[in-house]
Undergrad: 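Got a structure for you, questions after.
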Amino acid sequence: MKYWLMKSEPSEVSIDHLASRSGQTVDWFGVRNYAARNFLREMKTGDLAFFYHSSCPEPGIAGVVTVVREAYPDPTQFDPNDAHFDPKSPKEAPRWSTVDVKLMKKVNLVPLAVLRTRSDLADMLILQKGNRLSVTPVSPDHWRILQSMLT
DNA sequence: GCCAACGTTGGC
DNA sequence: GCCAACGTTGGC
């Protein structure tokens, strides 16, 4: 089993949106970056991920989710009315994938500013300068450390 | 709103 | 294949 960190803008899908959905499940639509997409395709049912709020007043880890459906074509790439429409994505070989994730637990936000104070987390991908990947792997060590910080 | 960093596009 | 231009991300 692997560990991940997945960014979402709370104005699009927040941890509370997820909690209020039927089955507390949502599909991770809209990833349009090849490196992030490749990580989505590596995910297996049962993998765990931190749900991270980005591009908002207080970015940070807001919850834990688990993968309940492995990668399948992201339907929004074929919808001309969707902001994530990709006219160049071939129907027979869809460019973009999504997975379904289910809420495990909501936690008290662990702010990015706190993550940055931790020398034992300094090499997390999310904390590297210029990192913009919306889906990143998390090492078992980092996962364990972060678990102990969640309340 | 600013801006650094990065990814993608497209001309050559 | 190079690289300039452009668009996007995302923290601050």
Side-chain angles (χ1 to χ4, degrees), chain A residues 2-21 25-43 47-67 70-139 141-143 145-151:
Chain A
K2 292 195 172 182
Y3 303 109
W4 308 92
L5 184 146
M6 304 171 81
K7 294 182 190 172
S8 180
E9 298 189 20
S11 59
E12 291 212 27
V13 181
S14 72
I15 192 83
D16 290 328
H17 289 143
L18 176 56
S20 68
R21 286 180 63 89
T25 296
V26 71
D27 69 300
W28 210 264
F29 63 91
V31 169
R32 294 294 180 270
N33 169 286
Y34 287 103
R37 180 208 66 181
N38 292 343
F39 287 136
L40 287 178
R41 290 181 177 180
E42 282 183 38
M43 289 183 178
D47 279 4
L48 295 171
F50 293 121
F51 187 108
Y52 178 94
H53 281 172
S54 70
S55 292
C56 58
E58 198 172 27
I61 292 172
V64 178
V65 298
T66 186
V67 176
E70 294 175 11
Y72 61 99
D74 179 350
T76 64
Q77 71 194 300
F78 299 125
D79 180 357
N81 298 317
D82 193 282
H84 305 287
F85 177 54
D86 181 356
K88 293 183 190 166
S89 179
K91 275 242 169 37
E92 64 281 5
R95 211 177 253 193
W96 306 112
S97 300
T98 185
V99 300
D100 289 356
V101 300
K102 178 177 180 165
L103 182 64
M104 300 294 287
K105 62 174 175 179
K106 179 182 172 180
V107 300
N108 292 315
L109 191 94
V110 180
L112 175 60
V114 168
L115 300 182
R116 290 202 187 285
T117 66
R118 301 277 305 213
S119 58
D120 51 358
L121 296 177
D123 51 351
M124 276 188 80
L125 285 174
I126 194 77
L127 301 179
Q128 303 313 303
K129 188 172 184 179
N131 182 288
R132 301 186 321 188
L133 275 183
S134 59
V135 180
T136 49
V138 173
S139 76
D141 282 348
H142 289 155
W143 184 269
I145 292 164
L146 285 158
Q147 281 300 317
S148 73
M149 298 169 64
L150 301 183
T151 54

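Below, chain A is the first sequence line, B the second, and so on; all start at residue 1. These numbers were taken from a predicted model, which means no experiment stands behind them.
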Undergrad: Under a plain distance cut-off of 3.5 Å, with no hydrogens placed, do Ser14(A) and Asp16(A) share a side-chain donor-acceptor pair?
TA: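 Side chains of Asp16(A) and Ser14(A): no pair found under 3.5 Å.
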Undergrad: Using a heavy-atom distance cut-off of less than 4.0 Å, which residues of residues 112-124 of chain A contact DNA chain C?
TA: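 Result for residues 112-124 of chain A: Leu112(A), Arg116(A), sorted by number.
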Undergrad: Ignoring hydrogens and geometry, is there a side-chain-to-backbone donor-acceptor pair from Asp47(A) to Lys2(A) under 3.5 Å?
TA: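 Yes, Asp47(A) side chain to Lys2(A) backbone: donor-acceptor pair under 3.5 Å.
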Undergrad: State whether a side-chain donor-acceptor pair under 3.5 Å links Thr25(A) with Asp100(A).
TA: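 No, no side-chain donor-acceptor pair sits under 3.5 Å.
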Undergrad: Once rounded to the nearest 0.5 Å, what's the spacing between atom CG of Leu127(A) and atom CG of Leu115(A)?
TA: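 Interatomic distance, Leu127(A) CG to Leu115(A) CG, rounded to 0.5 Å: 6.0 Å.
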Undergrad: Tell me if the centroids of the rings in Phe51(A) and Trp28(A) come within less than 6.0 Å of each other.
TA: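 Between Trp28(A) and Phe51(A), which both carry aromatic rings, the centre distance is below 6.0 Å.
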Undergrad: How close or far is atom C1' of dG11(C) from atom NE2 of His53(A), stated in whole angstroms?
TA: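 His53(A) atom NE2 is separated from dG11(C) atom C1' by 16 Å.
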Undergrad: Between dG11(C) atom C1' and Leu127(A) atom CG, what is the distance in whole Å?
TA: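 Interatomic distance, CG of Leu127(A) to C1' of dG11(C): 12 Å.
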Undergrad: Determine whether the aromatic ring centres of residues Phe29(A) and Trp96(A) are separated by less than 6.0 angstrom.
TA: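 Here the rings of Phe29(A) and Trp96(A) have centres that are no less than 6.0 Å from each other.
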Undergrad: According to the side-chain hydrogen bond (donor to acceptor under 3.5 Å, both in side chains) rule, which pairs have a member within residues 122-134 of chain A, sequence neighbours left out?
TA: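 Only Asp123(A)-His142(A) qualify under side-chain hydrogen bond (donor to acceptor under 3.5 Å, both in side chains).
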Undergrad: Heavy atoms under 4.0 Å is the rule here; annotate nucleotides 1-9 of chain B 5' to 3' with B where the base is hit, S where only the sugar-phosphate is, and - elsewhere.
TA: ----BBSS-
Undergrad: Check Phe39(A) against Val135(A) and note the closest heavy-atom contact, atom names and distance.
TA: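 Residues Phe39(A) and Val135(A), closest heavy atoms: CD1-O, 3.1 Å.
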